[in-house]
Amino acid sequence: MSPDLLRTEIQATRALTSKPFGVNLITLHPQLTELIRVCASEKVSHVVLAGGLPTKEALNLNRIRY
């Protein structure tokens, strides 16, 4: 899934619920950093990383604040 498509899906989900929801990302995705940034900019409350250990760059993104 591209970052643009992820943003669209997050916005569509938000339109369906006022409850918090999470996004599951695969650590081997070539655009993982960009996907995490999309989640942060869209204020997703939970991001789960699956499929292996994330890169050092992805781990450093935990400093992102909304």
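- For L5, the side chain to side chain contact (heavy atoms under 4.5 Å, CB included) test picks out M1, S2, E9, with sequence neighbours left out.
- Within 6.0 Å of the CG atom in L16, the count of heavy atoms belonging to other residues, nucleotides or ligands exceeds 12.
- Here L6 contributes atom CG and E34 contributes atom CD; the two are 11.5 Å apart, rounded to the nearest 0.5 Å.
- Between I26 atom CD1 and L32 atom CG the span is 9.5 Å, to the nearest 0.5 Å.
- Residues L25 and V48 fail the side-chain proximity criterion, which asks for heavy atoms closer than 4.5 Å.
- In this structure, the side chains of V44 and P20 stay at 4.5 Å or more apart for every pair of heavy atoms.
- Cluster membership check: L35 shares its hydrophobic cluster with F21, using side-chain heavy-atom separations under 4.5 Å among Ile, Leu, Val, Met, Phe, Trp and Tyr.
- Annotation: side-chain hydrogen bond (donor to acceptor under 3.5 Å, both in side chains) contacts involving residues 13-27, sequence neighbours excluded, are absent.
- Taking 4.5 Å as the limit, every side-chain heavy atom of H46 sits out of range of all side-chain heavy atoms of V23.
- Looking at R7 and S41, their side chains come closer than 4.5 Å, going by heavy atoms from C-beta outward.
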